[in-house]
Amino acid sequence: MGKRIDRAVLWALCAAGFYIFYLNAWGKIALAGVSALVSCALLRRLLSRVRLPYRMPAAQARAALWRVAALSDAEAEERLKALARWRWPGEDFCLTPVLKHPEATLSSGDVLNAWKANREAGRLVIAATCPAEPRALYCASRLNTPAVAVLDSRALTRLLRAPGAPKVAEDEPPEPLRRRLRDALARARVIPPKPRNAALAAALLLLYLLRGNPLTLIGALALLWQLAAALIERRPPGHLFE
């Protein structure tokens, strides 16, 4: 749905650009409108003949990396090693995975522990499913025997999005709307409520009452919804597992 909305907005902007161009050139509204529609149709037909390589969306790549983090160490190592071998086929290295939640970080201690556990390797690649701290990257650059290279979640996401990259996890069917709404509510609850957000929501509501701009109303409602979700007391569920 997000891709469809993005494409619709891009084509609307393209049509508006053509319309303004033809209107300034000819000064006739009807002729400019028809010419803009014809130009968009011709441009769409031309672009349909151009076959660009598939590039995985960033959200899908991050979701695949999260599924890898839930695998066993041996299976995750096999899949991440296949991805690294695809990108650097001529290099010899040993790969060890560090499987963490995407919101965690790879610390200097994680790098040092992985280095100690693989002292017999010639060159070591640490593949982490979370971002690496700057100090961890500096620590890796200072180690030798074996030399250490770090592929954190940002680097692995770029590899997964490259055209032709091997899959590291199977695609999952889209989640039902109820589950997505519940996840959105859960994410909103972990954001601590801030007094400035309440003040900003009140200011946006005041602007809406004064000027009637619907965008200010949407922004105010979004802030108020986030505040309400964070303040609602979480009750024990009726069932532990659904």
Side-chain angles (χ1 to χ4, degrees), residues 1-3 6 52-119 121-144 146-175 179-180 182-192 226:
M1 180 61 69
K3 289 183 178 180
D6 292 341
L52 298 176
Y54 173 75
R55 185 174 175 85
M56 181 185 294
Q60 185 177 348
R62 289 191 293 266
L65 203 58
W66 163 235
R67 291 195 292 272
V68 170
L71 299 174
S72 63
D73 289 352
E75 192 172 1
E77 179 180 354
E78 180 182 355
R79 299 192 182 192
L80 293 176
K81 186 179 292 185
L83 180 63
R85 296 289 183 196
W86 169 81
R87 178 59 180 83
W88 297 282
E91 298 193 33
D92 183 26
F93 54 82
C94 173
L95 186 142
T96 182
V98 178
L99 307 180
K100 286 189 171 185
H101 193 275
E103 295 183 0
T105 56
L106 182 73
S107 64
S108 302
D110 298 325
V111 172
L112 185 61
N113 292 336
W115 178 74
K116 286 183 176 180
N118 296 272
R119 290 296 297 270
R123 289 186 291 182
L124 176 65
V125 174
I126 300 176
T129 57
C130 60
E133 297 177 357
R135 291 183 179 181
L137 298 177
Y138 175 74
C139 176
S141 67
R142 301 290 295 175
L143 296 174
N144 51 40
V148 178
V150 176
L151 295 176
D152 64 351
S153 60
R154 291 168 291 211
L156 292 174
T157 299
R158 288 194 294 268
L159 288 180
L160 289 173
R161 297 189 65 200
K167 287 186 176 182
V168 296
E170 298 298 328
D171 296 333
E172 290 187 349
E175 295 182 345
R179 177 66 180 273
R180 284 180 286 174
R182 187 173 61 184
D183 290 345
L185 181 61
R187 287 194 298 269
R189 282 178 175 175
V190 301
I191 302 175
Q226 188 271 321

Between [X] (side chain only) and [Y] (backbone N and O only), is there a donor and an acceptor less than 3.5 Å apart?
X: R79; Y: V168; answer: yes
X: R123; Y: D92; answer: yes
X: R87; Y: A82; answer: no
X: D152; Y: A132; answer: yes
X: D110; Y: L106; answer: no

Which distance, rounded to the nearest 0.5 Å, do you find between the [atom1] of [X] and the [atom2] of [Y]?
X: W66; Y: L71; atom1: CH2; atom2: CG; result: 10.5 Å
X: L80; Y: T129; atom1: CG; atom2: OG1; result: 8.0 Å
X: L143; Y: K116; atom1: CG; atom2: NZ; result: 10.5 Å
X: R154; Y: R62; atom1: CZ; atom2: CZ; result: 12.5 Å
X: N118; Y: C94; atom1: CG; atom2: SG; result: 4.5 Å
X: M56; Y: R158; atom1: CE; atom2: CZ; result: 15.5 Å

Measure the shortest side-chain to side-chain distance between [X] and [Y] over non-hydrogen atoms and say whether it is less than 4.5 angstrom.
X: L83; Y: W88; value: no
X: E77; Y: L95; value: yes
X: P102; Y: C130; value: no
X: I126; Y: L151; value: no

Nearest non-hydrogen partners of [X] and [Y], listed with the distance:
X: V150; Y: A140; result: CG2-CB, 3.6 Å
X: A84; Y: F93; result: CB-CZ, 3.8 Å
X: C139; Y: V111; result: SG-CG1, 4.3 Å
X: W86; Y: A162; result: CH2-CB, 3.8 Å
X: P166; Y: L160; result: O-CD2, 4.1 Å

Qualifying residues under side chain to side chain donor-acceptor pair (under 3.5 Å), relative to K81, sequence neighbours excluded
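Checked K81 against side chain to side chain donor-acceptor pair (under 3.5 Å); zero matches.
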In chain order, what residues pass the side chain to side chain donor-acceptor pair (under 3.5 Å) check against E91, with sequence neighbours excluded?
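Side chain to side chain donor-acceptor pair (under 3.5 Å) list for E91, sorted by chain: empty.
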Quiz item: cation-pi between R119 and W115, 6.0 Å / 45°:
yes
Side chain to side chain contact (heavy atoms under 4.5 Å, CB included) assessment of T157 paired with L65
CA-CA 7 Å; T157 299; L65 203 58; 4.1 Å; yes
Would you say S107 and E133 are linked by a side-chain donor-acceptor pair, where the criterion is simply a distance under 3.5 Å?
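No pair is found: no donor N or O on one side chain lies under 3.5 Å from an acceptor on the other.
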More than 12 heavy atoms of other residues, nucleotides or ligands under 6.0 Å from CZ of R85: yes or no?
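Atom CZ in R85 is packed in, count exceeds 12.
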